[in-house]
Amino acid sequence: MDGLRLTDEERAMLAGEHGHGVRRAMEMVIALARIYGATELVPIKSAQVAGVSYANIGDAGLEFLRQWADEGARVRVPAMLNPAGMDLLAWREMGTPEPFATKQLEVVEAYQHMGVLPTCTCAPYLLERCAGLGDHLAWSESSAVAYANSVLGARTNREGGPGALAAAIVGRTGCYGLHTDPARCPTELFEIAVAPASASDWGALGAIIGRASRGVPYLRFSGHAVQTVADLAAADLRDGMRALGAAAAATGSVALFHLEGVTPEVRLGQVAAPTGEAQVVESLAPAYSLLDGEVEALDLVAIGCPHASLEQLETVSRFLEGRRAAIPLWLTVSRAVAERARASGLAESLEAQGARLVADTCVVVAPMREMGVGAVATDSAKAASYLPGHQGVQTRFGPLERCLEAALRGTWQ
Ligand code: F3S
């Protein structure tokens, strides 16, 4: 006998009283809860579902989704989609192969049939207040999970796509792992003596932490870095922590970090620094030499991994003022951020500067090789760590300004 207690409503879902699709979802949620030793399920506030790009899920995944939808499965909490394999509106002009596009649209349609919102972003937390301190969630995308847990103080494990969808359908998930207090306690101390000066530096730091961490890292800036970080504008600090979490999750298995004086569970005294010797980070150079390749001639510059904020788009536009990119410059964003940029006139300025706002997708999940892209520069440590292996694309990694200079010239120097 296991110790998982179910409410009457949960039993009814499991018994099929809410339909076949709900029973299938409840079976999945319960199986996971049992594997991880949960004693109860907790209601979730939202779900964020990965497994959207047709390049990743293929026909088998599409069939699975259709079947589940046909069984009557519908989400009962707000559920959002991770990026798809293409811009859902501008795919033709971007050169997405038509057979791929047709299948991709069918995948999104199957999700929509179940009530999942086609947000197609890895940064749903930029859209609205979809998660806050102590909220239980079932999110999939690793960078969003790291951000939700660490910066928002919400509680989510890193769910697989089907697990997140199942949780959305029953409105619950097993109370285990990062939903519980003990698993949120920091296990290792990192002392950081270098102040990140750009999003790529934050990502480089994340890559170092991700490779070194075996649990929940507690980060403490030391020396002059403390004041430098304290002086950052709120949006820069937020975007820095986005880059850090994304890289730490991509290069390791970090789903939660605590940053002294900054992240909510530290500020509220809910967690304390671990005792014992700190691992000291004195330089970000090892991450740059690991992630930066050697190619010089570029096909594309990609900014916006995780999906860019409005503030990041403004920074790009300021830098490019009076100049124009010589090669494709993708700024990957959620559709909601793209629409805000359009409404404010920012999108128009960026387009005049040769940039393209690319919504719903990113360079890691779009079929880049089929689109003729073999060499990319990015300021994202996460993208730089995935592109060579996932896409077979040669990659340069560096600060935003250096990437934009490369877009103006077409080469990395
Ligand atoms: Fe998002 Fe794609 Fe990067 S899903 S975190 S932009 S790899």
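Whatever order the structure lists ligands and atoms in, that order sets their numbers, starting from 1.
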R342/E351 salt bridge by N-O under 4.0 Å criterion: yes
Cationic N near anionic O, under 4.0 Å, D59 to R66: no
Whether F100 and Y54 hold their rings parallel, tilted or perpendicular, with breakpoints at 30° and 60°: perpendicular
Total protein N, O or S atoms, atom 3 (Fe) of ligand 1, separation less than 2.8 Å: 1
Polar contact flag, side-chain donor to acceptor under 3.5 angstrom, R402-S200: no
Nearest-0.5 Å distance, OG1 of residue T251 to CD1 of residue I208: 9.5 Å
Stepwise salt bridge (Lys or Arg N to Asp or Glu O under 4.0 Å) test for K382 and E141: CA-CA 12 Å; K382 172 172 179 174; E141 157 55 34; 2.8 Å; yes
Numbered atoms and elements of ligand 1 in range of E141, under 4.0 angstrom, heavy atoms: 5 (S)
